[in-house]
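As structure tokens, the structure follows; a few thoughts come after it.
Counting convention: from 1, in listed order, for ligands and their atoms alike. Remember, it's a predicted structure, so these values are computed and weren't measured experimentally.
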Amino acid sequence: MRAGEWVRLTDNKGRRHNLCLEPGKRFFSNKGHLEHDELIGREEGFSVTSSAGGQYLVFRPLLSEFVVSMPRGAAVVYPKDAAQIVAMADIFPGADVVEAGVGSGALTCSLLRAVGPHGRVSSYERREEFADVARRNVTQFFDGEHPAWQLSLGDLAEELPRSGERADRVILDMLAPWDCVDAVADALRPGGIVCGYVATTTQLSRFVETLRAHGSFTEPSVWESLVRDWHVEGLAVRPGHKMIGHTAFLVTARRMAPGERPPRKTRRPAPGAYGPDYTGPRPADLPPQVLEDTQDD
Ligand SMILES: C[S@@+](CC[C@H](N)C(=O)[O-])C[C@H]1O[C@@H](n2cnc3c(N)ncnc32)[C@H](O)[C@@H]1O
């Protein structure tokens, strides 16, 4: 490990500290201090003892560790969901991926890793202060600029058509992904995948109905992932007491070729899908403020 690199210290109670190694500096905790110089030049994966007897494991942070501890502008996509997005939206080496909004840049790091140096991740963010946070985080994680990354400031629905970009995959993590469906459909290559990450059921409903109504996507698939750790010690083998429960719902659909439509029966809700006596608004008709009152970016 060299000066300027980030390392993670974990004490024997599982408490974690991230630090950037600097010659001559000290790390302080309630267990005294450690000299950075003791860590610089060593290979990761060892334990050190501080001046007051605290023991720490020393490793470089994994991506999944980095994104949950890095500075945040907006809420981040958690590693459990980033893994689902990479797998189920089929992000492959060399792919052209468009992403919005970039938020804190957590998902961006996973996308860049998956496309590699010969792919492209084109990220859009409409708030400059979040774009700045993301730029710092992504640059820190990759220890410099990633050759496949391009970050643009602006609203995806307006900027993507202007850019003329074509994409194999488009990932939307934003309040109102339905506003971007036209732009996404125009940018996606036939067979390409749109993947939405939405926090609430009202957003989910509106996004899925908008994709269906657009007519150029296959029937959306919808799921969520719940991760539960297990405690395994002797005969005490049981689920952990805490878990990461709901974060967001995931939606994917594939772009049909130009002029092609998915089979009709998969495009519309079955008659009576809202119940025979239902006369209220359909999800796609809900006014935007109903959603904006309950959800922030
Ligand atoms: C929840 S955050 C994204 C977090 C990000 N995926 C991550 O893992 O760090 C949502 C972001 O989308 C941005 N946003 C919302 N609508 C947008 C749009 N139409 N175009 C571009 N950015 C948008 C917001 O400003 C916000 O920063």
Side-chain angles (χ1 to χ4, degrees), residues 61-86 88-89 91 97-115 121-142 146 149-163 165 167 169-187 194-200 202-204 206-207 210-211 224-225 244 246-252 288-289 291-297:
L62 301 174
L63 171 54
S64 57
E65 296 168 338
F66 176 78
V67 295
V68 294
S69 61
M70 69 189 194
R72 286 183 197 185
V76 299
V77 170
Y78 268 71
K80 75 176 179 75
D81 297 310
Q84 288 281 315
I85 291 169
V86 168
M88 303 306 282
I91 311 294
V97 179
V98 166
E99 166 208 36
V102 76
S104 308
L107 181 63
T108 314
C109 292
S110 291
L111 297 174
L112 284 168
R113 268 216 174 153
V115 303
V121 175
S122 178
S123 306
Y124 289 81
E125 172 54 58
R126 64 182 181 188
R127 288 176 61 172
E128 196 165 1
E129 70 275 26
F130 290 167
D132 290 342
V133 173
R135 196 176 289 108
R136 277 196 297 275
N137 285 334
V138 173
T139 308
Q140 181 182 322
F141 183 73
F142 290 103
H146 194 291
W149 195 36
Q150 183 185 313
L151 174 59
S152 309
L153 204 56
D155 191 307
L156 183 84
E158 292 159 20
E159 299 306 322
L160 185 56
R162 249 180 239 153
S163 73
E165 280 189 79
R169 310 289 183 249
V170 179
I171 318 295
L172 302 175
D173 173 13
M174 60 173 64
L175 186 64
W178 48 86
D179 286 343
C180 298
V181 166
D182 285 340
V184 169
D186 289 345
V194 59
C195 174
Y197 178 81
V198 287
T200 66
T202 42
Q203 286 173 295
L204 174 63
R206 190 167 182 146
F207 183 48
T210 308
L211 287 172
E224 68 175 320
S225 77
I244 303 171
H246 177 69
T247 48
F249 304 102
L250 283 156
V251 181
T252 54
Q289 62 270 25
L291 299 154
E292 280 158 13
D293 285 345
T294 55
Q295 166 75 23
D296 47 53
D297 284 337

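Annotation: the span from Glu165 atom CD to Ser122 atom OG amounts to 3.5 Å, rounded to 0.5 Å.
Contact record, Phe141 with Cys109: CB-SG, 4.1 Å, taken as the closest heavy-atom pair. Closest non-hydrogen pair, Val115 versus Val97, comes out as CG1-CG2, 3.7 Å.
Note on ligand 1: Val102 sits in its first shell, one or more heavy atoms being nearer than 4.0 Å. Heavy atoms of Ala157 come nearer than 4.0 angstrom to ligand 1 in no pair at all. Residue contacts with ligand 1 include Gly154, since one or more of its heavy atoms lies under 4.0 Å from the ligand.
The distance from ligand 1 to the heavy atoms of Gly103 drops below 4.0 Å at these ligand atoms: 3 (C), 4 (C), 27 (O). For ligand 1, the atoms closer than 4.0 angstrom to any heavy atom of Val76 are 7 (C), 8 (O), 9 (O). The distance from ligand 1 to the heavy atoms of Phe130 drops below 4.0 Å at these ligand atoms: 25 (O), 26 (C), 27 (O).
The residue among Ala100, Ser152, Gly101, Ala74 with a heavy atom at the shortest distance from atom 12 (O) of ligand 1 is Gly101. Taking each of Met174, Arg127, Glu125, Glu99 in turn, the one with a heavy atom nearest to atom 26 (C) of ligand 1 proves to be Glu125. When Met70, Arg126, Glu128 are checked for heavy-atom proximity to atom 22 (N) of ligand 1, Arg126 turns out nearest.
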* **Derivation of the side-chain contact (heavy atoms from CB on, under 4.5 Å) call for Val181 and Phe207** => CA-CA 9 Å; Val181 166; Phe207 183 48; 3.8 Å; yes
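Formation of a donor-acceptor pair under 3.5 Å by the Ser104 side chain with backbone atoms of Ala74 is found in this model. Side-chain N or O atoms of Glu125 include one that pairs as donor or acceptor with a backbone N or O of Gly103 at under 3.5 Å.
Ring-plane geometry between Phe142 and His146 is classed as perpendicular, the angle between the planes exceeding 60 degrees on a 0 to 90 degree scale with a lower cut at 30.
Below 3.5 Å of separation, one finds an N or O of Gly105 facing an N or O of ligand 1. Inclusion of Val77 in the set of residues having an N or O under 3.5 Å from an N or O of ligand 1 is warranted. Geometrically, ligand 1 and Ala106 share a nitrogen or oxygen pair separated by less than 3.5 Å. Residue Leu175 places no N or O, backbone or side chain, under 3.5 Å from any N or O of ligand 1.
A donor-acceptor contact closer than 3.5 angstrom is absent between the side chains of Gln84 and Ser225.
By the 6.0 Å contact criterion, CD on Glu129 is enclosed, its count of non-hydrogen atoms from other residues, nucleotides or ligands being greater than 12.
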